[in-house]
Novice: 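Just dropping this structure here.
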Amino acid sequence: MYKTKIRGVLVEGNKSYKDITRDIVAPIEQGAPMWWYPAMAISLLALIYGIWAGYVTITEGIGTWGLNNSMGWGWDIINFVWWIGIGHAGTAFSIFLLILRQKWRTSINRAAEAMTVAAVLCAGIFPMIHMGRIWMAFYIMPYPTSRLLWVNFNSPLFWDVVAISTYLMASATFWYVGMIPDFATIRDKTVSKLKKTIYGILSFGWVGSARGWLRYEALAMILGGLTAPLVISVHSIVSMDFATSVMPGWHTTIFPPYFVVGAIFSGFGMVLTLMIIIRKFYNYQSYVTDGHINAIARILVFISLIMGTAYTTEIFIAWYSGNEYEFFTFFKNRITGDYMVGFYGMVICNAIIPQLFWFSKIRKNIALVFIISLFINLGMWFERYVIIVTSLSKDFLPANWSEYTPTVVEIGIYVGTLGLFSMSVLLFFKYIPMIAISEVKGILKTTSEERS
Amino acid sequence: MSKEIKYNNNIFGVFNNEEVLITAIKSIKNSGVKIKNVFTPYPIHEVFHELGLKTRFPYFAFVFGVLGTVLTFGFLFWTSVIDFPITIGGKPNLSMSFVIIMFVMTINIGIVLSLGAFFTIQKLFPGKNPVIVHPDITDDKYVIVIEKKNEMTKEEVAGINDLLRKNGAIETGMKKNVESI
């Protein structure tokens with residue numbers, strides 16, 4: 001059995017290749033477990049609420065939201081950035097670890113990539129619906145309109161469109177290519193004729209020839225190598241939506257790295273949440289071992305420290321720069337003032353609570369790890385809330401100041417995307433192998449490196 | 001006659017161990033028999049090495065990326081400088097900020113073309129009905145395929161079967177139309 005020097009055995013329980021196939025194909029071959037149906041029902045309810053909210057927004061307009069003259073961005077952009085952040089996990093996880101040849105990624109990458117695609121889909125809804133006249137959304141595409149104008153290629157908002165659609169395409173491609181050999185396995189193993197046909201089509205006729213594998217691995221590295229810089233660029237570009245403006249609290253050079261780190265942080269948090277659910281409900285403890293959870297938790301401690309440093313740097317610069325507007329935003333509107341709850345929520349959830357992962361006892365307590373991962377997701381939501389709402393609600397002119405509270409419609413759109421996300425994840429549980437079968441087999445090998 | 005060229009017949013041997021497979025490939029190669037294809041449930045680098053397989057795919061990907069950069073720059077230059085130049089905030093039409101879109105689109109075009117190249121070269125497409133040599137090749141069995149040429153005598157075929165078995169094949173047989181890619 002393959003054993004890495006620092007992480008020990010990656011697949012526990014003395015599994016044979018046949019066991020791996022059987023374990024991972026089983027949830028697809030058998031019907032969904034009992035809890036799946038109520039979970040799906042709840043997701044659908046949330047989605048219906050979201051569809052209603054979307055309908056109201058489109059037919060009546062943005063006026064149904066809590067936005068006003070000063071608050072041009074609210075929950076829509078908060079949730080957009082939040083989902084995009086979560087959508088960084090798959091790629092950050094899967095691709096960075098692939099390029100670094102970290103073999104422990106194999107049990108987790110599939111779920112992380114699936115999550116990425118679902119989260120980016122959810123994120124994409126917000127800027128579209130934020131346009132107000134959604135039927136004009138195609139104007140964002142670079143083609144000459146009736147006025148023969150092109151789009152502004154120097155605008156961060158246009159960069160966003162290009163970056164996010166490329167990211168969605170790239171991560172979906174990477175995910176799908178990874179699944180091709182596993183679909184072939186299901187095609188060859190399933191007893192149902194319908195499944196044989198469907199997975200046969202999905203597998204593109206893959207048979208696993210030596211040349212096929214050679215090119216497949218080359219393709220995986222190429223896709224990984226090309227998409228890795230995208231992880232950095234997408235959230236940098238999202239941060240430029242803010243940083244290229246002149247709003248106090250936004251107009252800072254720290255934003256691109258700060259956003260990228262935050263995105264990877266929230267993504268890893270969501271991966272942790274999801275992997276704990278998968279391993280619990282599908283009994284995948286042999287594949288997603290305590291070692292895997294431990295490794296993610298340790299990465300989170302490190303990123304949490306970077307987050308804390310970023311928060312401290314922002315606050316220090318707000319004071320040190322001597323800019324009174326910056327000082328006001330940070331010291332009178334975040335640390336003290338109307339939006340204290342959001343600010344302290346952000347600091348506690350992102351920079352302080354994850355520090356508990358320093359203790360190996362806490363890292364080994366899966367229930368606690370799960371709760372902390374939820375805090376990270378919440379904290380990252382608070383971060384976007386703090387950035388957007390505090391800066392916009394009180395800008396340069398006190399006469400412009402205004403409060404912001406979301407309406408039922410805005411909340412509805414958010415709840416709807418949560419429903420869409422959980423629905424996608426549930427469908428993923430039911431129809432797609434949750435762990436990359438061929439990749440796990442690849443690390444189980446007996447012929448090379450260390451044997452135990 | 002044309003049918004005989006179209007349909008190829010093959011001898012295959014099934015192995016249930018990676019190490020046995022690799023030694024079998026070595027000894028079959030040494031005995032002068034040409035291996036047509038090997039099927040494994042996961043990538044095995046020793047197999048690539050023993051079969052002497054190499055891929056130029058990364059070079060192609062580089063070319064695709066360069067193509068993406070050039071095409072994107074061409075498009076941006078044409079739209080913003082030639083077709084409809086607009087001065088925004090007094091900034092030059094040919095702007096440094098093109099770099100961002102060029103960067104992203106290089107990746108975009110590189111990925112699309114690499115993916116297309118992979119499926120084309122590997123002849124994979126949705127709905128393809130491949131010849132599956134053994135139902136367990138995507139599970140836990142390894143298969144070596146050797147082409148049975150028309151001029152082969154019965155003795156030669158039996159010899160290849162023996163060779164496979166001697167090297168640890170748990171099962172041998174004949175299969176038509178196995179692809180060589």
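Order of the sequence lines fixes the chain letters, A, B, ..., with proteins taken first and strands second; residue numbering starts at 1 for each chain.
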Novice: More than 12 non-hydrogen atoms from neighbouring residues, nucleotides or ligands closer than 6.0 Å to CE on B:Met174, yes or no?
Specialist: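 Yes, enclosed.
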Novice: Can you say whether B:Ile86 sits under 4.5 Å from chain A via the side chain, the backbone, both, or neither, judging by heavy atoms?
Specialist: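 The answer is the side chain of B:Ile86.
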Novice: Could you measure the distance from the CD1 atom of A:Ile237 to the CD1 atom of B:Ile100? Nearest 0.5 Å is fine.
Specialist: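 So the gap between those two atoms works out to 5.5 Å.
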Novice: Measure distances from A:Arg187 to the heavy atoms of chain B and classify the residue's part below 4.5 Å as side chain, backbone, both or neither.
Specialist: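 For A:Arg187, the side chain is the part near chain B, not the backbone.
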Novice: Quick one: are B:Phe39 and A:Val207 in side-chain contact, heavy atoms under 4.5 Å?
Specialist: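 They are in contact (side-chain heavy atoms under 4.5 Å apart), so the answer is yes.
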Novice: Closest heavy-atom contact between A:Gly212 and B:Phe118?
Specialist: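 Smallest heavy-atom distance, with atoms named: O-CE1, 4.2 Å.
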Novice: At their closest point, which heavy atom of A:Ser438 faces which heavy atom of B:Pro41, and how far apart are they?
Specialist: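 Between these two residues, the closest heavy atoms are CB-O, 3.7 Å.
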Novice: Counting only non-hydrogen atoms closer than 4.5 Å, does A:Ile180 touch chain B with its backbone (N, CA, C, O), its side chain (CB onward), both, or neither?
Specialist: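 For A:Ile180, the contact with chain B is made by the side chain alone.
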Novice: Under 4.5 Å heavy-atom distance to chain A, tell me which part of B:Lys91 shows up: side chain, backbone, both or neither.
Specialist: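 It is neither, since no heavy atom gets under 4.5 Å.
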Novice: In terms of heavy-atom contacts, does CZ of A:Phe138 have more than 12 from other residues, nucleotides or ligands at under 6.0 Å?
Specialist: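 Yes, the 6.0 Å shell around CZ holds more than 12 heavy atoms from other groups.
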Novice: So for B:Phe48, is it side chain, backbone, both, or neither that comes closer than 4.5 Å to the heavy atoms of chain A?
Specialist: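 For B:Phe48, the side chain is the part near chain A, not the backbone.
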Novice: Heavy-atom distance under 4.5 Å to chain A: side chain of B:Leu53, backbone, both or neither?
Specialist: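 Contact with chain A: backbone and side chain both.
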Novice: Check each atom of B:Leu51 against the heavy atoms of chain A and say whether the ones under 4.5 Å are side chain, backbone, both or neither.
Specialist: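 For B:Leu51, side-chain heavy atoms alone lie under 4.5 Å from chain A.
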Novice: Show the nearest heavy-atom pair for residues B:Phe103 and A:Ser233, with the distance to one decimal.
Specialist: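 For B:Phe103 and A:Ser233, the tightest heavy-atom pair comes out as CE2-CB, 3.3 Å.
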Novice: Can a salt bridge be assigned to the pair A:Lys441 and B:Asp140 using a cut-off of 4.0 Å between side-chain N and carboxylate O?
Specialist: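 No, A:Lys441 and B:Asp140 are not salt-bridged.
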Novice: Find the one option among B:Thr138, B:Val143, B:Val178, B:Asn37 whose heavy-atom pairs under 4.5 Å with chain A are most numerous.
Specialist: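 Among the listed options, the one with the most contacts to chain A is B:Thr138.
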Novice: Would you check if B:Asp136 and A:Lys18 make a side-chain contact, meaning some heavy-atom pair closer than 4.5 Å?
Specialist: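 A side-chain contact exists here, since the closest heavy-atom pair is under 4.5 Å.
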Novice: Is B:Asn108 in contact with chain A via its backbone, its side chain, both, or neither, using a 4.5 Å heavy-atom distance?
Specialist: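 When you check distances to chain A, atoms from both the backbone and side chain of B:Asn108 fall under 4.5 Å.
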Novice: What part of A:Tyr216 lies closer than 4.5 angstrom to a heavy atom of chain B: side chain, backbone, both or neither?
Specialist: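 Its backbone and side chain both get close to chain B.
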Novice: In terms of heavy-atom pairs under 4.5 Å with chain B, which of A:Asn154, A:Leu214, A:Thr185 leads?
Specialist: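 Maximum pair count with chain B is reached by A:Leu214.
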Novice: Heavy-atom distance under 4.5 Å to chain B: side chain of A:Ile186, backbone, both or neither?
Specialist: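 Nothing of A:Ile186, per the 4.5 Å heavy-atom cut-off to chain B.
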Novice: Testing the basics here: between A:Ser209 and B:Gln122, what is the closest heavy-atom pair and its distance to 0.1 Å?
Specialist: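 Closest approach of A:Ser209 to B:Gln122: OG-NE2, 3.6 Å.
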Novice: Verify the neighbour count for atom NZ of B:Lys29: are there more than 12 heavy atoms of other residues, nucleotides or ligands below 6.0 Å?
Specialist: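 Yes.
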Novice: By a 4.5 Å heavy-atom criterion (distance strictly below it), what part of B:Phe64 contacts chain A: side chain, backbone, both, or neither?
Specialist: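 Interface part for B:Phe64: neither.
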Novice: Quick check on the interface: out of B:Thr55, B:Val145, B:Thr79, who has the most heavy-atom pairs with chain A under 4.5 Å?
Specialist: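 Most heavy-atom pairs within the cutoff with chain A belong to B:Thr79.
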Novice: Mind ranking A:Ser165, A:Pro229, A:Ser16 by heavy-atom pairs under 4.5 Å with chain B and telling me who comes out on top?
Specialist: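 When all of A:Ser165, A:Pro229, A:Ser16 are compared, A:Pro229 has the most.
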Novice: Please classify the contact between B:Val38 and chain A as side chain, backbone, both or neither, with a heavy-atom cut-off of under 4.5 Å.
Specialist: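 Contact with chain A is through both the backbone and side chain of B:Val38.
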Novice: Parallel, tilted or perpendicular: which one describes the rings of B:Tyr142 and A:Tyr17, with boundaries at 30° and 60°?
Specialist: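 Because their plane-to-plane angle is over 60°, the rings of B:Tyr142 and A:Tyr17 count as perpendicular.
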Novice: For the candidates B:Ser97, B:Pro130, B:Pro126, which exhibits the highest count of non-hydrogen atom pairs separated by less than 4.5 Å from chain A?
Specialist: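 Maximum pair count with chain A is reached by B:Pro126.
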Novice: What part of A:Val177 gets closer than 4.5 Å to chain B, counting heavy atoms only: side chain, backbone, both or neither?
Specialist: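 Only the side chain of A:Val177 comes within 4.5 Å of chain B.
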Novice: Determine, using ring centers only, whether B:Phe75 and A:Trp150 are less than 6.0 Å apart.
Specialist: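 Yes - the distance between ring centres of A:Trp150 and B:Phe75 falls below the 6.0 Å cut-off.
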Novice: Please flag which part of B:Val131 lies under 4.5 Å from any non-hydrogen atom of chain A: side chain, backbone, both or neither.
Specialist: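 Just its backbone gets close to chain A.
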Novice: What is the minimum heavy-atom distance between A:Thr227 and B:Ile111, and which atoms define it?
Specialist: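 Where A:Thr227 meets B:Ile111 most closely, the heavy atoms are OG1-CD1, 3.7 Å.
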Novice: For A:Lys189, which atoms come within 4.5 Å of any heavy atom of chain B: side chain, backbone, both, or neither?
Specialist: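 Contact with chain B is through the side chain of A:Lys189 alone.
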Novice: Under the criterion side-chain contact (heavy atoms from CB on, under 4.5 Å), I'd like the reasoning laid out for B:Val104 against A:Trp159: C-alpha separation, chi angles, the key distance, then a yes or no.
Specialist: CA-CA 9 Å; B:Val104 176; A:Trp159 301 343; over 6 Å; no
Novice: Check whether A:Thr173 gets within reach of chain B through its side chain, its backbone, both or neither, counting any heavy atom under 4.5 Å.
Specialist: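 Side chain only.
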Novice: Looking at A:Trp213 and B:Thr40, would you say the former's side chain and the latter's main chain have a donor-acceptor pair under 3.5 Å?
Specialist: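 Yes, because the side chain of A:Trp213 sits within donor-acceptor range (under 3.5 Å) of the backbone of B:Thr40.
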Novice: If you count every heavy atom of other residues, nucleotides or ligands that lies below 6.0 Å from B:Phe98 atom CZ, does the total exceed 12?
Specialist: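 Atom CZ in B:Phe98 is crowded, with more than 12 foreign heavy atoms closer than 6.0 Å.
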Novice: Passes side-chain contact (heavy atoms from CB on, under 4.5 Å), B:Ser95 versus A:Phe153? Steps please.
Specialist: CA-CA 9 Å; B:Ser95 158; A:Phe153 294 110; over 6 Å; no
Novice: Against chain A, label B:Phe62 side chain, backbone, both or neither, depending on which of its atoms sit under 4.5 Å from a heavy atom there.
Specialist: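 Neither part.
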Novice: Within this structure, what is the CZ-NZ distance for the pair A:Arg211 and B:Lys54, rounded to the nearest 0.5 Å?
Specialist: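 Atom-to-atom, A:Arg211:CZ and B:Lys54:NZ are 13.0 Å apart.
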Novice: Using non-hydrogen atoms only, which part of A:Ile222 is less than 4.5 Å away from chain B: side chain, backbone, both, or neither?
Specialist: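 Contact with chain B is through the side chain of A:Ile222 alone.
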Novice: Among B:Val47, B:Asn129, B:Ile121, which residue forms the greatest number of heavy-atom pairs with chain A at distances under 4.5 Å?
Specialist: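 Option with the greatest count: B:Ile121.
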